[in-house]
Amino acid sequence: MTKAKVIRIFWILFFSGLLAFIGFVALVAGGALGQLPSLHELENPSLVLASEVYADDGTSMGKYYTAKGNRLDVQYKDISPNVIHALVATEDERFYEHSGIDAKGVLRAILLFGRDGGGSTLTQQLALNMFNGERSHNRFSRVIQKLKEWIIAIQLERNFTKDEILTLYLNDVSFSDNVYGIRGAARTFFQKEPDSLSVDEAAVLVGMVNNPSLFNPRTNPRAATERRNVVLNRMVSNHFLTEDDAISLKEKPIDLSRYRKLDENNGVAPYFRDVLRGDLKKWCKDHLNPATDKPYNLYTDGLKIYTTIDPRMQAYADQAVAMQMPVLQHMLDGQRGIKSGAVWDDHKNILEAAMRSSQRWQDEEDAGLSDDEISRSFNVPVRMKVFAWNAAREKDTVMTPLDSIKYHRQMLQTGFMVMDPFSGAVKAWVGGIDFRTYKFDHVNINTKRQVGSSIKPFLYSLAIEDFNFTPTTECPAVQQFFPEYNAYVPAKGGSHWSPGPYPLAYGLAWSINEVAAYLMKSYGPQGPQRFAEFLKQIGIPTTVPPYPSMALGACELSLYEMLGGYTMFPAGGFTTSPYYISRIEDKHGNILANFASPEKEVLSQSTAYTMTRMMQGTCDFGTAAGLRQRLGLAEMGGKTGTTNDNADTWFMGYTPQLLGGTWVGCDDRFIQLEGRSSDGGHIARPIWENFFRLALADKSLGLDRNARFLKPDSLSTSLQYDYDRQYEKAPPPGAEGADQGNGNAGQYIDTSAKAKQPANPY
């Protein structure tokens with residue numbers, strides 16, 4: 001064969017191979033071997049983005065995300081140049097020279113079989129992450145995948161600037177500890193925004209990109225430090241850093257003292273964010289995303305949710321709870337029935353149900369154990385972590401699983417919420433003692449407990465507004481009979497008080513049950529029905545059955561509802577329902593929805609003002625005596641509440657600027673604090689007082705101790721009550737929390753012979 005023929009064959013084969021390769025690439029580009037992203041998809045890349053929740057000052061409170069969607073978008077201008085320089089120097093030093101494919105890098109990878117690095121550019125890595133997914137381990141599939149990466153990379157380079165490509169990459173790439181995106185990484189490892197990262201911090205984060213598991217500074221600090229130093233060396237080689245600066249930085253240890261990975265159990269107001277999640281999922285279901293023509297996805301669409309929560313007030317609320325609840329728990333733990341376990345003697349069914357619903361029971365049942373075997377295992381001591389009132393909110397101990405159930409159910413719980421009574425904006429929300437251990441929220445509208453005497457201000461408001469009562473109206477303090485219901489209120493006749501009469505103002509200040517019963521009786525045969533309608537009128541959503549026992553708070557309402565009703569006092573007769581979302585934006589910052597709470601006039605201004613002055617008596621000399629003076633407030637109002645045997649304790653209070661309410665009790669209502677000082681004024685009130693002491697001391701919140709309620713023009717002179725000194729004595733022991741039958745509505749139905757005769761009014 002002649003030389004010319006050999007050359008001709010060579011070129012035929014070469015061009016045939018080249019044409020075949022071009023044809024193969026054309027097939028790949030045309031989607032014959034798998035669909036490629038369209039031009040629209042390239043111009044509008046759809047990263048899976050977490051939705052973020054913000055406080056009212058714009059600070060982040062937490063995120064909602066999927067396992068692979070824990071990322072937050074950030075713009076190029078908000079990324080430190082240190083990050084950009086470290087990334088380019090380490091991952092693609094010719095990034096600004098190529099158009100998606102680095103020919104030198106590809107040739108080097110082929111000749112050295114990848115020993116000195118692969119040929120992938122940052123643009124190709126972005127293409128893989130965004131459109132191809134995981135690298136294939138099949139050689140033929142990997143070749144096709146590589147061709148796709150090249151094609152997509154070239155298209156990305158045509159449709160985006162270099163800065164935009166870097167931004168997309170940094171928003172999408174994964175870091176150690178399953179953190180995605182540069183913003184999440186900066187916040188997690190250094191509690192910084194990406195624009196504030198130093199050179200060495202940027203080098204640590206960029207070093208993770210190559211192998212997030214291996215170069216995790218938290219779990220493998222030595223490897224992470226070595227990798228950081230490699231990044232610093234490459235920054236020197238590419239003239240982004242001087243040799244002297246690199247030497248100095250390489251001597252520094254990696255500082256993870258501010259490491260904090262946010263999840264649903266931490267961050268600001270976790271109980272609130274969990275309730276918010278449910279509301280947002282409903283909102284998303286009812287609103288279409290125009291980019292997809294599908295309902296918004298809370299976990300992947302990168303929504304920005306701005307709330308009304310004030311992070312400073314939230315911190316004070318958390319602190320106020322942590323100051324009081326360990327004290328109360330110590331009191332409860334010292335009670336005889338708790339120490340001996342006798343409190344559970346009549347409630348074995350609750351323990352049985354708790355065991356059967358536990359993960360331990362399920363695991364052992366799946367392992368084939370019988371019910372008897374599983375039950376016996378709950379009495380075998382094991383090592384475990386349990387909730388504790390310490391800095392970590394947990395401790396290591398040894399106890400039986402059954403004792404663990406008792407231990408955790410014997411923990412006192414609380415709900416505490418603070419709001420602006422004029423706008424309705426919720427400022428702080430504490431739904432329990434520890435979200436990690438106890439997920440049940442005690443604030444939201446669906447969590448209802450018996451309200452006790454905290455309902456009485458509503459009852460008194462109706463008396464003044466519609467029945468011409470005044471603060472000085474004399475009211476007898478005796479049991480009342482309601483023939484229409486065949487019932488006595490209070491159900492038990494023995495009173496701690498003399499028959500009176502007492503001025504209306506004192507009935508409220510001392511929370512005298514018999515005075516409340518007298519008011520209900522004064523409303524006429526349809527009094528309970530009228531009061532039930534009044535509760536609806538002032539914005540209480542729950543329908544309360546119309547029984548005479550309503551006068552003493554035998555009904556169940558949520559703390560959220562109670563606060564909404566109480567807004568009418570400081571707001572001059574207008575109620576505003578609590579709200580906590582101010583607006584929702586999409587990932588581009590476009591406003592999708594705004595929220596506010598409308599006002600509704602439900603009382604005359606004069607009645608509202610009269611009630612605020614009367615409710616100050618509670619905080620001056622009544623069931624919360626001395627509270628106003630201790631806080632140094634010019635004016636305030638409040639009301640305690642306690643149900644039978646202290647199963648539920650309440651304190652609702654307000655200043656001319658802020659309204660707060662708290663509830664304390666156990667989820668199992670038969671577990672109760674005992675003793676003379678176990679009413680709302682001693683149990684729930686301190687949380688409210690602790691919060692307001694902290695908030696008033698913070699001048700940045702703008703709370704004024706000298707603020708006063710607006711007196712209506714219709715009242716020509718200040719209300720002056722003729723307080724007789726004889727009534728300022730301490731009330732009888734346990735007056736409010738005494739078992740006088742303010743339990744269930746049914747307790748007021750008395751079918752005995754006594755019930756057929758009306759009670760002696762005096």
Side-chain angles (χ1 to χ4, degrees), residues 55-56 61 266-273 308-332 387-391 393 411-421 425-435 438 441-444 454 559-560 562-563 566 578 580 618-619 624 626-633 636-641 648-655 657-665 673 677-703 705:
D56 69 348
M61 295 176 63
N266 51 41
V268 179
Y271 283 100
F272 167 77
R273 286 187 284 112
T308 62
I309 296 293
D310 185 306
R312 295 161 299 176
M313 291 193 192
Q314 182 64 41
Y316 297 145
D318 291 332
Q319 188 174 345
V321 166
M323 292 167 68
Q324 173 69 349
M325 295 306 293
V327 176
L328 300 180
Q329 192 62 49
H330 181 71
M331 292 168 52
L332 181 65
F387 171 80
W389 276 113
N390 55 28
R393 294 293 190 270
M411 284 290 165
L412 282 162
Q413 295 292 335
T414 188
F416 181 50
M417 188 176 112
V418 180
M419 64 180 290
D420 181 332
V426 175
K427 295 300 180 182
W429 181 306
V430 183
I433 58 174
D434 180 61
F435 185 74
Y438 301 98
D441 180 85
H442 297 86
V443 171
N444 76 89
S454 63
L559 178 59
Y560 185 91
M562 291 295 289
L563 281 160
Y566 266 72
Y580 39 77
T618 298
C619 307
L627 174 59
R628 182 177 68 88
Q629 290 87 346
R630 289 193 298 274
L631 292 175
L633 295 169
M636 71 164 292
K639 185 70 188 76
T640 57
D648 301 278
T649 59
W650 299 73
F651 184 76
M652 310 292 295
Y654 54 87
T655 71
Q657 296 173 289
L658 210 57
L659 166 66
T662 185
W663 164 89
V664 175
L673 282 164
S677 299
S678 298
D679 56 81
H682 291 87
I683 302 304
R685 182 269 311 158
I687 293 176
W688 193 98
E689 183 173 347
N690 290 339
F691 168 82
F692 272 83
R693 181 181 293 109
L694 294 166
L696 287 164
D698 186 342
K699 302 303 180 184
S700 69
L701 292 176
L703 300 177
R705 282 186 167 88

Scanning both residues in full, the closest heavy-atom pair of T649 with D679 reads CG2-C, 4.0 Å
So L631 and R705, do their side chains get closer than 4.5 Å, heavy atoms only? no
Less than 4.5 Å apart, any side-chain heavy atom of V418 and any of Q314? no
Show the nearest heavy-atom pair for residues R312 and S700, with the distance to one decimal. NH1-OG, 2.9 Å
Using side chain to side chain contact (heavy atoms under 4.5 Å, CB included), reason through D310 and L701 one step at a time and then give a plain yes or no. CA-CA 9 Å; D310 185 306; L701 292 176; 3.7 Å; yes
Do side-chain atoms of H442 reach the backbone of G431 as a donor and acceptor pair under 3.5 angstrom? yes
I309 and K427, any side-chain heavy atoms less than 4.5 Å apart: no
Decide yes or no for F272 and M61: does some side-chain heavy atom of the first lie under 4.5 Å from some side-chain heavy atom of the second? yes
Looking only at non-hydrogen atoms, find the nearest pair between T662 and L559 and report the distance. N-CD1, 4.0 Å
Would you name the heavy atoms of T640 and A624 that are closest together and state the gap between them? CG2-CB, 4.1 Å
Taking side-chain contact (heavy atoms from CB on, under 4.5 Å) as the definition, give me every residue that meets it alongside P578, ordered by chain and number, with sequence neighbours left out. M417, M419, V426, Y560
Given T414 and I687, is the side chain to side chain contact (heavy atoms under 4.5 Å, CB included) satisfied, shown in steps? CA-CA 10 Å; T414 188; I687 293 176; 3.6 Å; yes
Would you give the length of the straight line joining atom CG of L694 to atom OH of Y316, rounded to the nearest 0.5 angstrom? 7.0 Å
Between V327 and H330, is a side chain to side chain contact (heavy atoms under 4.5 Å, CB included) present by the stated rule, with each step listed? CA-CA 5 Å; V327 176; H330 181 71; 5.9 Å; no
Distance in Å, I683 CD1 paired with W650 CH2, rounded so as to fall on 0.5 Å steps: 15.0 Å
Looking at the rings of Y271 and W429, which for Trp means the six-membered one, are their centres under 6.0 Å apart? no
Tell me the closest heavy-atom pair linking S454 and M652, and the distance in Å. CB-CG, 4.2 Å
Taking Q329 for its side chain and L412 for its backbone only, find out whether a donor-acceptor pair lies under 3.5 Å. yes
To the closest 0.5 Å, what do you measure between OG1 (T655) and CG (L696)? 7.5 Å
What class does the angle between the rings of W389 and F387 fall in, given that below 30° is parallel, 30 to 60° is tilted and above 60° is perpendicular? perpendicular
Between Q319 and M323, is any pair of side-chain heavy atoms under 4.5 Å apart? yes
With a 4.5 Å limit on heavy-atom distance, are the side chains of M562 and W663 in contact? no
Rounded distance (nearest 0.5 Å) linking atom CG of L627 with atom OG1 of T618: 10.0 Å
4.5 Å side-chain heavy-atom contact, M411 and I433: yes
Is there a side chain to side chain contact (heavy atoms under 4.5 Å, CB included) between M313 and D698 once you walk through the steps? CA-CA 9 Å; M313 291 193 192; D698 186 342; over 6 Å; no
State whether the side chain of R628 and the backbone N or O of L633 hold a donor-acceptor pair below 3.5 Å, judged by distance alone. yes
Grab the two heavy atoms, one from M636 and one from C619, that are nearest each other, plus how far apart they are. CE-SG, 3.5 Å
Is a donor on one side and an acceptor on the other found under 3.5 Å between the side chain of Q324 and the backbone of W688? no
Would the distance check show the side chain of R393 and the main-chain N or O of D434 forming a donor-acceptor pair, the cut-off being under 3.5 Å? no
Non-hydrogen side-chain atoms of F651 and P686 separated by less than 4.5 Å: no
